[in-house]
Every structure is written in structure tokens, then in C-alpha cells.
Amino acid sequence: MNILDIIAKKRDKKILSKEEIEFFVQQYTKGNITDYQAAALIMAIYINGMNKEETTFLTLAMANSGDILDLSTIGKEIVDKHSTGGVGDKISLILLPTIASLGVSVAKMSGRGLGFTGGTVDKLESIPGYKTNIDEKEFIKNVKEIGISMISQTMDIAPADKKIYALRDSISCVENISLIASSIMSKKIASGANKIVLDVTVGSGAFMKNIEQARTLAKEMIEIGNLAEKETVCILTNMEEPLGYSVGNTLEIIEAINALKGNLSDDVKEVVLSLGSYMMKLAGINDNIEANKTNILKNLENGTAYNKFIELVERQGGDISYIRNIEKFKKAKYIEPIYSLKSGFIEEINAEKIGKLACFLGAGRLKKEDSIDNAVGIVFSKKVGDQVKKGDILAFIHANSLEKLEIVKESLLQDISISQDNVGKYKSVIEIIN
Ligand code: URA
């Protein structure tokens, strides 16, 4: 078998066999296939597509490219969660300690932000001292002892996906349903959970721009999950506007801390309750979704979820004095309000554009090697559907460069559109597919 024949086959719109897909994944991971050959094949897949069988073979080959974590010693049903990505998405930070406080064992490996979407690992690392790179043994020990651990994906979990994802990102081949489904599900299968809840985001700030695409992606991931004998539920959520009020690493940690004390924006609350109630159901805690939502809210309001987060941060080496006193977090040099130029109703806050502005300020990275600035970002005072008067504050820009501040200020005024008509609010949870 050789890679040239495989590239030619997909270039000519033919179906690849299990052996050909496995050959590509194994040899590329070992470094025996060059980046330009892999790029040619990925581009051919992007353009000509893959059927469901090919997608499943790709998923399993990537999952088997490294360790398959054995979480059975934890002795409980492990339910994993993954989001297809978004702007201002701090859901894991709020949701996971909360359900851990309700008896769900949480063993979570998260990713870093890439492009205009953020990543949970970057946000956690803005807590001084928090270690996201503990080894697998300590990870499992933490889950056993305190019910939760949140770390970065180790090199040993689906290394083929790591390599292929970085390549896709560098050749504009991310937004393809087969490639996204196999990327996410390979990591979930290798991470050792028995059951999976997926947050499939839809809208300008997501990879899936419309509901039809999101449904197709969701169904494909559920089928792969079922084949791997992992019950999978997909929840389609809105990503037209940023989730919650803040975008930026430290800024989102602060929003998450406030949320864990019961102060949640309506959209964040809806998503947390929905994902959490299904995770609790799959974990075997309670089949009653409404009762689960009530219990999640209770723990967010009575301090139990917040205390579990403190326990997590402390266990992973983080300085909890920052959690207890959010004023300690290092602030950006410039914090500048943006005032509304007219009265009306907020019609659009385009999540993709906001994600790109936050990235430009330094909150995200364009290349994997880029460093990020934890303090910068944007904090909104209004959401879509809110009424505003001329002169009201729409948002605060947190910047460490005057030049960038001015550019973002000008752009932001254009990216927040105001209408004379009341456009209403978005529904945060669009659909549940299982
Ligand atoms: N998240 C992933 O892990 N992989 C993708 O391809 C897209 C989003």
C-alpha cells in the first residue's frame, strides 16, 4: 500500500477501505507520510467527502493511535462532555464542578483555543498555579478522591487527531462534518468514558453555521458513539452571539466563578442545566431531567458547586485566594467602555467577529505556538434582545495595547447592531438529539 494511491483514490471520489484509512493514520502519526501528502489527502476528503463507514474507520484509527484510557478503576459510570467550540464558552468550568458536587464523576480532558474559539485549558491556566498537565495516574487519583479532575489532553490520547487537527487548521479544512465527527469522537473514545454528552454549537461563532449542518454532525457522532458502545446525546446550542457576558481567559474565569455562586446569565444557565441534567441521567443519578435541573440550580445557589470548584483548583495546584477574591486577578492596562450611539434593541453581536477581535487583542492564538494574554478580552453589558438608550455602555474592552484598543473600539461599534424593533432573545438550547 502507498500513500500516493490513497490520495489518488480520494481525489477521484472513490471510497477508501478500512486498511487504507488505517495505513494513512498510522504512517502519518509515525512521521512516515509527509505533511504535504497528508494535506493533499485531507483536502481531497474535505472536497469529496467520506461516507459513514469511512468516517467510522477514521475515528477508530485515530482513537487507536495512542493510549485508550482505562477509567474502570474509578468504579463509576464516567460521562464525558465535549463542545464543538464557540466564543465565550465557559460551560465546562461551571457545569463540571456542579455535577461533580451532585455525585457525577468528572474525568475531563480539555483543549486549548485555536482561531477565534476559546479553549477550557487556556482559561484554567489563567488561575495562577493551576496545573493542567498532571499525568494520567494523578488524574485518575483526583477523580477517585474528590470526584473531579480537569486537565489538558495528553500527548498519548489520540495523537493522530492532534496532528491531523493542526494540519486541518493550517490548510483551511476544519469545517467538514466527517473530519469534525471523527476528531471529536476519536478523543472521546480514547478518553475512556462510557457515555458522552456533546454540545453541538450552531451559529456565526460555531463551525456549524446552520441547524441542518449541526443535526447531520450530531447524528453522525451519535452513530459513531453507538458503534463504539458509548451512549451519546447531542444538545444543539446557540452560538450566534457569545455565550454569557465575557470573552477572554481571565474574564471568563471570573464569570464562571460568579456563576458558580449562583449569578448566571440566562443563556449560560439554560445550557448548563440542559447538559448537566443529561449528564446526570447518563451517569445513572436520576432519569428525571426536571429534577436534575432543580438539583443543579440548588447547588449553584447554595455554594456546593462553588466549593467543589475550590476543591478542584486547590487539588491541581491553583492558588485559591484568587478564586476567593477575584480582584487579585491581573487586569489589563486599559479597560475602556463602549457607548451606544443610538437607542433601540440589540439586534446582533456576531460571535465570530467578537471571537476574532478577542483573538486580535491577544486572548487567542492564530498558530499553535502563539502565546496568549490572559487578561485581555471583551465584557458585554448587553445581550441580543436587550433595550438600550443612546449613551448606555454596551461593553468594556480590556486591552494591553492602546493601538489595539482603538482598532477594536471602532470595529466593535460596527459589530454590535441596534434595531428600532424588538428582535427578541435567542433560544439557547435549540434541540436535543439522542
Ligand atoms: N473540536 C474538535 O475537537 N475537533 C474538530 O475537528 C472541531 C472541533
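Counting convention: from 1, in listed order, for ligands and their atoms alike.
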Less than 4.5 Å apart, any side-chain heavy atom of Leu41 and any of Ile45?
yes
Between the side chain of Lys10 and the main-chain N/O of Gly49, is any donor-acceptor distance below 3.5 Å?
yes
For ligand 1, list all ligand N or O to protein N or O distances below 3.5 Å, rounded to 0.1 Å.
| residue | atom | partner | partner atom | Å |
| --- | --- | --- | --- | --- |
| ligand 1 | 3 (O) | Lys187 | NZ | 2.5 |
| ligand 1 | 4 (N) | Ser183 | OG | 2.7 |
| ligand 1 | 6 (O) | Arg168 | NH1 | 2.9 |
| ligand 1 | 6 (O) | Arg168 | NH2 | 2.9 |
| ligand 1 | 6 (O) | Ser183 | OG | 3.4 |

Side chain to side chain contact (heavy atoms under 4.5 Å, CB included) with Glu410: which residues, sequence neighbours excluded?
none
Just by distance, do the side chain of Thr201 and the backbone of Ala206 share a donor-acceptor pair under 3.5 Å?
no
The side chain to side chain contact (heavy atoms under 4.5 Å, CB included) partners of Asp266 (sequence neighbours excluded) come to none
Please identify each residue that fulfils side chain to side chain donor-acceptor pair (under 3.5 Å) with Thr29, with sequence neighbours left out.
none
